[in-house]
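Below is one structure, written out as structure tokens; comments come after it.
In what follows, every chain begins at residue 1, and chains take the letters A, B, ... in the order their sequences are listed. Predicted, not measured: the structure shown is a model, and the values here were computed from it.
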2 protein chains.
Amino acid sequence: MDKRKAILEAAVELIAEKGYTHTSMQQIADSVGVSKGSLYTFFPSKEDLIISIYEHYQQLVFERAFVVGLDGNLPPYERFAKQFQVQFEGILEYKAYMKMHMRGESAQSSEKLEGMGHRMRGRLFSWLERNLIELYGEEIAPYKWDLMWMTQSIYTSYTGLMISSENELVPEQLGKHIVRQIDILAKDFLAGKSNPLLDDQMMRPFSVGMDREGAFTSFEKRENAWKSLYESIHQLDQSHYYLEVTDRISEESRKSNPDEIVMRGLFQLLKADDELNEKAQLLEMQLLPGSEH
Amino acid sequence: MDKRKAILEAAVELIAEKGYTHTSMQQIADSVGVSKGSLYTFFPSKEDLIISIYEHYQQLVFERAFVVGLDGNLPPYERFAKQFQVQFEGILEYKAYMKMHMRGESAQSSEKLEGMGHRMRGRLFSWLERNLIELYGEEIAPYKWDLMWMTQSIYTSYTGLMISSENELVPEQLGKHIVRQIDILAKDFLAGKSNPLLDDQMMRPFSVGMDREGAFTSFEKRENAWKSLYESIHQLDQSHYYLEVTDRISEESRKSNPDEIVMRGLFQLLKADDELNEKAQLLEMQLLPGSEH
DNA sequence: AATGTGTTTGACTCAATAGTCATTTTTACG
DNA sequence: CGTAAAAATGACTATTGAGTCAAACACATT
């Protein structure tokens with residue numbers, strides 16, 4: 001069993017409940033069933049531990065949505081909603097992590113953590129921006145900050161609602177709901193009925209570092225692998241069949257415990273086609289790094 | 001000089017910047033220029049200190065808006081916007097407190113603090129509800145939770161934007177902006193184009209304790225004093241003149257350092273009318289408790 | 001000046017806890 | 001097996017910081 005992962009999971013659970021400062025290394029150790037000293041063979045310090053937690057979970061939660069974004073099968077509006085849905089599903093799955101994250105209280109603002117939060121926000125905003133432009137074209141630009149800001153706040157607050165209570169918020173409905181509300185607000189802006197309040201100048205602190213590579217390098221690689229695979233498929237004649245297979249891979253990979261055998265099988269189907277072989281193998285290596293015999 | 005107040009202010013400043021756990025009593029003492037021991041003559045514990053901070057500032061920030069709500073001169077829509085505006089002005093004035101509040105991290109969830117947060121949220125929601133019903137009538141009821149939730153999240157996130165950056169968000173514009181967005185969403189709901197996602201059942205945790213007396217008793221009294229004064233004025237013939245005076249009182253009282261002499265003078269104007277004398281005196285006692293000779 | 005009252009002080013206690021490291025236990029392998 | 005390397009342990013150290021309290025101080029009253 002992976003002890004490192006066990007420690008991360010126990011720590012998330014405790015920190016979500018009691019907060020960073022009120023969770024001692026001893027408690028974490030007890031909860032995992034190892035000694036305190038052992039923790040320090042995996043993480044050089046408490047702060048490193050929480051940073052590792054962020055590194056571990058962040059991608060798990062956010063990567064999902066970006067992959068859905070690449071699937072050209074869905075029309076933009078539905079795809080946007082689906083992305084929210086997938087995101088919410090992720091949040092539900094990693095409830096404890098999100099709780100911890102939303103508490104906000106962590107080590108005294110280390111460089112590293114701050115940079116991480118920064119990148120996360122940047123990613124969220126650039127993702128929203130991409131979707132807005134896809135949906136409404138360039139003419140949405142003057143209103144994008146207002147829309148993005150409101151979307152982000154609604155998204156965040158529904159996230160909080162989702163993880164705090166036991167109520168039955170369905171990710172699918174929630175995704176549709178949010179996109180619907182954005183749509184209403186966007187159309188109102190486009191009709192010239194409201195004036196925007198925020199502009200580039202004002203939002204500079206949020207736009208620097210937006211959509212920058214370097215962040216999430218491992219994720220970046222994976223995203224590119226997906227992208228190039230999808231592109232190759234679209235050039236094919238029987239794209240429909242391969243898209244279906246690829247979507248199935250995407251679905252499986254989004255699970256918290258993807259079935260490796262199923263994945264390997266699905267990849268085998270793609271590799272049958274000479275045109276796709278290379279790209280598929282590339283993605284497979286990204287998703288299933290272990291044992292390529 | 002009021003040492004107690006000085007301590008509260010220094011503490012807010014420090015806690016806003018570094019967080020509750022990373023601000024020691026020693027630092028607070030140093031910042032005020034007294035000894036650590038002295039703090040304990042004013043506040044029995046660190047936790048009591050932060051609770052006192054909340055008690056001190058909460059009303060300052062939130063009371064304002066409710067008073068504006070009583071002025072029947074403004075049409076509902078404009079009044080709603082004005083209330084937001086006034087709220088944002090308050091937030092700007094007590095930036096450090098809001099920063100501290102938004103950090104969220106405080107003593108390990110004491111009963112008292114939790115109850116306070118609960119009451120605050122309850123007040124916010126019941127205030128929103130009142131305004132929604134005033135604007136759209138009872139038919140808004142099925143959609144009220146969705147609207148309130150989105151409004152609350154937009155409001156909160158703009159608050160964060162306001163206090164975090166030095167950008168020039170103008171409270172007046174912001175107030176109008178928010179009401180405008182609510183209006184768009186509300187009209188869409190009323191047109192039957194969107195379906196609500198939240199309902200009473202789901203939102204029970206937020207609705208219990210909504211609009212309950214007992215919370216903010218001192219404020220409650222003051223609110224009633226305002227209410228009955230406004231009512232008396234409306235029954236008068238020259239209501240216009242007295243309304244103007246009363247609005248001026250309201251404006252003055254909203255300042256962080258109301259001019260007592262001005263206030264007394266304004267009240268004198270009201271007390272000149274026999275019909276108003278009693279109510280005016282009542283409110284005067286609420287607003288200017290000291291030295292009634 | 002003397003006395004008394006209330007305030008202020010800062011050295012001290014005491015608990016919590018991050019991080020260390022010599023010792024013990026487990027594992028790996030010849 | 002036996003032995004060496006790796007991993008795990010928990011007693012120990014060092015630090016931080018909340019809260020205490022006897023002594024010093026300030027100030028008023030007589």
Checking [X] now: which residues fulfil side chain to side chain donor-acceptor pair (under 3.5 Å) with it, not counting sequence neighbours?
| X | answer |
| --- | --- |
| B:Ser157 | A:Trp149, A:Ser153 |
| B:Ser45 | B:Asp48 |
| B:Tyr155 | B:Gln87 |
| B:Tyr97 | none |

Checking [X] now: which residues fulfil side-chain contact (heavy atoms from CB on, under 4.5 Å) with it, not counting sequence neighbours?
| X | result |
| --- | --- |
| B:Glu9 | B:Lys5, B:Tyr57 |
| B:Ile163 | B:Ile91, B:Lys95, B:Met98, B:Lys99, B:Met102 |
| B:Glu278 | none |

task: Establish whether the base of D:dG17 is bridged to the side chain of B:Lys36 by a donor-acceptor pair shorter than 3.5 Å.
output: no
query: Can you pull the contact range of chain B along DNA chain C, 5' to 3', using atoms under 4.0 angstrom from its heavy atoms?
result: C:dT8 to C:dG10
field: Under 4.0 angstrom between A:Lys3 side-chain N/O and D:dA8 OP1 or OP2
entry: yes
query: So does A:Ser38 get a side-chain nitrogen or oxygen closer than 4.0 Å to the phosphate oxygens (OP1/OP2) of D:dT9?
result: yes
field: Strand-adjacent residues in residues 24-35 of chain B, judged by heavy atoms under 4.0 Å from DNA chain C
entry: B:Val34, B:Ser35
task: Would you indicate whether the side-chain heavy atoms of A:Leu49 and A:Met25 approach each other to under 4.5 Å?
output: yes
Would you mind reading off the distance between [X] atom [atom1] and [N] atom [atom2], rounded to a whole angstrom?
| X | N | atom1 | atom2 | value |
| --- | --- | --- | --- | --- |
| B:Lys46 | D:dG19 | NZ | P | 8 Å |
| B:His22 | D:dT15 | NE2 | P | 18 Å |
| B:Leu39 | D:dT20 | CG | C1' | 14 Å |
| B:Tyr40 | D:dC21 | OH | P | 13 Å |
| B:Leu14 | D:dA18 | CG | P | 12 Å |

query: Counting any heavy atom closer than 4.0 Å, what does B:Thr21 reach on the DNA or RNA strands: base, sugar-phosphate only, or nothing?
result: nothing
For residues 30-40 of chain B, which side-chain donor-acceptor pairs fall under 3.5 Å, sequence neighbours excluded?
| residue | atom | partner | partner atom | Å |
| --- | --- | --- | --- | --- |
| B:Asp30 | OD1 | B:Gln26 | NE2 | 3.1 |
| B:Ser35 | OG | B:Ser38 | N | 3.4 |

- prompt: In terms of the nearest nucleotide of DNA chain C, which residue is placed more toward the 5' end: A:Gly37 or A:Thr23?
  reply: A:Thr23
message: Quick check: closest heavy atoms across A:Pro171 and A:Phe88, and the distance to 0.1 Å?
response: CB-CB, 3.8 Å
B:Arg103 side chain vs B:Glu17 backbone, donor-acceptor pair below 3.5 Å: yes
- line: Rounded to 10°, the angle between the first-five-pair and last-five-pair axes of the helix from C:dA1-D:dT30 to C:dG30-D:dC1 is 10°
